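Residue numbers start at 1 and run along the sequence shown. Keep in mind the model is a prediction, meaning the values are calculated, not measured.
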Amino acid sequence: MTIAKYSVTAIDCPDPVALAHFYSKISGLEVEPLGDLAPEKVSWICLMSDGEGVICFQKINNFVAPTWPEGPVPQQMHLDFDVKDLDKAEVEVLALGATKSPFQSATNFRVYLDPVGHPFCLVLNQ
């Protein structure tokens with residue numbers, strides 16, 4: 001018996017629409033339609049899979065980026081994405097605005113920071 005059904009993962013950020021589009025380009029998930037709402041008015045938006053939100057982005061006015069792996073602000077969360085070619089995927093995520101983390105600890109995955117500083121990994125899955 002379960003206590004609850006998993007719903008979504010929510011990520012704090014200063015600009016939910018921009019970060020949703022960043023992760024949409026990596027994952028292929030669709031950004032939830034805004035309807036008549038102006039992007040600057042959005043405080044919550046999701047990436048959709050089969051009509052359901054799966055990764056959501058929440059506006060935080062005083063957002064502080066993680067300083068992981070050291071410093072006062074921990075990573076708080078991270079996302080992993082499976083890729084078939086780490087080198088090719090690296091070029092693509094860097095072109096989208098990611099930065100490669102100076103902290104790397106394995107050969108089968110690479111750590112990057114999204115445009116607002118959240119770590120995420122590309123994991124070699126052949």
Side-chain angles (χ1 to χ4, degrees):
M1 180 172 143
T2 61
I3 295 172
K5 179 185 173 216
Y6 169 79
S7 179
V8 301
T9 297
I11 301 173
D12 292 350
C13 61
D15 184 343
V17 174
L19 202 56
H21 282 283
F22 172 81
Y23 281 109
S24 172
K25 290 173 184 167
I26 292 173
S27 67
L29 295 170
E30 294 289 325
V31 177
E32 177 180 11
L34 291 178
D36 293 334
L37 192 59
E40 62 274 7
K41 299 287 186 185
V42 173
S43 61
W44 177 274
I45 193 166
C46 297
L47 295 182
M48 310 297 284
S49 177
D50 297 325
E52 299 286 328
V54 291
I55 304 172
C56 298
F57 304 89
Q58 176 174 268
K59 183 175 183 141
I60 302 296
N61 290 326
N62 297 315
F63 174 78
V64 176
T67 55
W68 174 89
E70 299 186 17
V73 184
Q75 74 174 336
Q76 303 156 357
M77 65 83 180
H78 78 271
L79 301 173
D80 287 350
F81 297 95
D82 289 344
V83 299
K84 295 195 182 297
D85 182 327
L86 281 171
D87 294 329
K88 181 178 183 292
E90 177 173 300
V91 169
E92 293 173 350
V93 298
L94 294 176
L96 293 174
T99 56
K100 191 170 183 179
S101 173
F103 177 78
Q104 301 293 324
S105 63
T107 58
N108 65 330
F109 68 87
R110 294 185 191 157
V111 183
Y112 301 87
L113 305 175
D114 71 21
V116 300
H118 295 294
F120 69 95
C121 296
L122 298 179
V123 181
L124 185 60
N125 186 2
Q126 298 182 356

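If you chain together hydrophobic residues whose side chains sit under 4.5 Å apart, Leu79 and Met48 never meet in one group. In the hydrophobic clustering of this structure, Leu113 does not group with Phe81; members are Ile, Leu, Val, Met, Phe, Trp, Tyr whose side-chain heavy atoms approach within less than 4.5 Å, directly or through other members. Criterion: ILVMFWY side-chain heavy atoms under 4.5 Å apart, direct or through other members. Under it, Ile55 and Phe63 are part of a common hydrophobic cluster.
The shortest non-hydrogen separation linking Asp12 to His118 is O-NE2, 2.7 Å. When all heavy atoms are compared, the tightest approach of Trp44 to Val8 is CZ2-CG2, 4.3 Å. Nearest heavy atoms, Pro74 versus Pro66: O-CB, 3.4 Å.
Within the structure, side-chain hydrogen bond (donor to acceptor under 3.5 Å, both in side chains) contacts touching residues 84-103 (residues at least two apart or in different chains) are Asp87-Arg110, Lys88-Glu92, Glu90-Lys100, Glu90-Arg110, Glu90-Tyr112. Sorted by first then second residue, the disulfide (SG to SG under 2.5 Å) pairs that include residues 63-126, not counting sequence neighbours, number zero.
Hydrophobic cluster membership of Val111, counting Ile, Leu, Val, Met, Phe, Trp and Tyr whose side-chain heavy atoms lie under 4.5 Å apart directly or via other members: Trp68, Phe103, Phe109, Val123. Through ILVMFWY side-chain contacts below 4.5 Å, Ile3 is grouped with nothing and stands alone.
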Mind listing the side-chain donor-acceptor pairs of residues 13-22 below 3.5 Å, one per line with the distance, residues two or more places apart or on another chain?
| unit_1 | atom_1 | unit_2 | atom_2 | d |
| --- | --- | --- | --- | --- |
| Asp15 | OD1 | Val17 | N | 3.3 |
| Asp15 | OD1 | Ala18 | N | 3.2 |

Donor-acceptor pairs under 3.5 angstrom involving side-chain atoms of residues 26-43: please list them, not counting sequence neighbours.
| unit_1 | atom_1 | unit_2 | atom_2 | d |
| --- | --- | --- | --- | --- |
| Ser27 | OG | Tyr23 | O | 2.8 |
| Ser27 | OG | Leu29 | N | 3.1 |
| Glu32 | OE1 | Cys46 | N | 3.0 |

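Taking 4.5 Å as the limit, every side-chain heavy atom of Ile11 sits out of range of all side-chain heavy atoms of Val116.
Atom-to-atom distance recorded for Leu124:CG and Thr107:OG1 is 8.5 Å, nearest 0.5 angstrom. Taken to the nearest 0.5 Å, the CD atom of Gln75 stands 13.0 Å off from the CZ atom of Phe120.
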